[in-house]
Peer 1: 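Please find one structure pasted underneath; my questions will follow.
Each ligand, and each atom within it, is numbered from 1 in the order the structure gives. All values reported here derive from a predicted model rather than from experimental measurement. Scope of the values below: all heavy atoms of this structure, side chains included, with no hydrogens, waters or symmetry mates.
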Amino acid sequence: MTTWPAGTDLVVFDSIDSTNEEARRRVEAGDSGPLWIASKQQTKGRGRQGRNWQSQPGNLAATGLFPFAGTPAEAAKLSFATSLAAAEVFEALAPRAKIALKWPNDALLNGKKAAGILLENLGTGADGSLRLAIGIGLNLIHAPPAEETKWPATSIQAESGSKPDFDMALLTLAARLDHWMTTMRTGGFAAIRTAWLSRAINLGRQIEVRLPTETLNGGFKGLDDNGALVLEMPGEVRHISAGDVYFAEGV
Ligand code: BTN
């Protein structure tokens, strides 16, 4: 049975500006977590690279606020742990769909994006540990239209044919992220990387990576110790730490 992580608080809103913003406010007020902040709607949801994140009523927006005794670079690797947890929510709620992960941290259902992750370092507490906000948006019943996204999007309802339960999604997310964070604490990134690669879409195949100033094509060889994408191109191997991945051959 899936159980809520011991010692972790929970607050649920019907609507909020952004659960990551609420985490920031709570850190400013002295809170360090562990705490989940969840909402059924966001009015100012934020995505990666300054994009908006649509959070229509009925979807799940959630931010886990955690103290983290490690460096910012180690903390950043938790985004892979979070993607794994999102994939496991899909598995619980859309068991017949094809589930895959796309670098750096998109979770796909039948090749379309149904979850997004925004991990923010909110600073260092008096105890010396970081304050991490791990924000996750799960498209339970709504997805943004194609013209508004860089990558096709979908919802769990659209792919499973049934309405997913908000509480079950949140419980599974919290429990599985707790599992993967424990794995990372005890076994380091190696175990996370192995699990992530086992779900990675198009591993070993040709991909396109769009960077702000150039577009690269090469073979997707894996992740390095820092979570950078390893891209093999004629005569060189590049380790890419930020960019958008596309597939020439489709998904
Ligand atoms: C992405 O661009 O793919 C990341 C989207 C992250 C959205 C989530 S929803 C919960 C949390 N609160 C926010 O404002 N953003 C994150």
Peer 1: When you measure from atom 8 (C) of ligand 1 to every protein heavy atom, which one gives the shortest distance, and what is it?
Peer 2: Gly137 N, 3.6 Å

Peer 1: Are any of the heavy atoms in Gln42 under 4.0 Å away from ligand 1?
Peer 2: yes

Peer 1: Hey, what do you get for CD1 (Ile207) to CG (Asn217), rounding to the nearest 0.5 Å?
Peer 2: 9.0 Å

Peer 1: Per the side chain to side chain contact (heavy atoms under 4.5 Å, CB included) rule, which among Thr82, Ile117, Leu78 passes with Asn105?
Peer 2: Ile117

Peer 1: So is there a nitrogen or oxygen of Arg46 less than 3.5 Å from a nitrogen or oxygen in ligand 1?
Peer 2: yes

Peer 1: Is it the case that ligand 1 has an N or O less than 3.5 angstrom from some N or O of Ser55?
Peer 2: no

Peer 1: Less than 4.0 Å is my threshold; does some heavy atom of Lys113 fall inside it relative to ligand 1?
Peer 2: yes

Peer 1: Should the proximity of Ala62 to ligand 1, defined as any heavy atom under 4.0 Å, be assigned to the side chain, the backbone, both, or neither?
Peer 2: backbone

Peer 1: Could you list the atoms of ligand 1 found under 4.0 angstrom from a heavy atom of Gly45?
Peer 2: 14 (O)

Peer 1: Evaluate Arg193 against Asp225 for salt bridge (Lys or Arg N to Asp or Glu O under 4.0 Å), listing each step before the verdict.
Peer 2: CA-CA 8 Å; Arg193 175 170 58 184; Asp225 293 346; 3.2 Å; yes

Peer 1: Within the 4.0 Å heavy-atom shell around Thr19, which atoms of ligand 1 are there?
Peer 2: 10 (C), 11 (C), 12 (N)

Peer 1: When you measure from atom 5 (C) of ligand 1 to every protein heavy atom, which one gives the shortest distance, and what is it?
Peer 2: Trp53 CE3, 3.4 Å

Peer 1: Considering only heavy atoms of Thr63, which atoms of ligand 1 have at least one such atom less than 4.0 Å away?
Peer 2: 11 (C)

Peer 1: Is a side-chain donor-acceptor pair under 3.5 Å present for Asn20 with Ser18?
Peer 2: no

Peer 1: Here's one to test your reading of the geometry: is the NZ or CZ of Lys40 within 45 degrees of the ring axis of Phe13 and under 6.0 Å from its centre?
Peer 2: no

Peer 1: Less than 4.0 angstrom from a charged side-chain N to a carboxylate O is my criterion; do Arg26 and Glu22 meet it?
Peer 2: yes

Peer 1: Measure the acute angle between the ring planes of Tyr246 and Trp151, then classify it against the limits of 30° and 60° as parallel, tilted or perpendicular.
Peer 2: tilted

Peer 1: Considering only heavy atoms, which of Gln54, Glu22, Lys44, Arg48 lies nearest to atom 1 (C) of ligand 1?
Peer 2: Arg48

Peer 1: If only side-chain N and O atoms count, and only distance matters, is there a donor-acceptor pair under 3.5 Å linking Glu159 with Thr154?
Peer 2: yes

Peer 1: Counting from 1, what ligand 1 atoms have a heavy atom of Ser18 closer than 4.0 Å?
Peer 2: 12 (N), 13 (C), 14 (O)

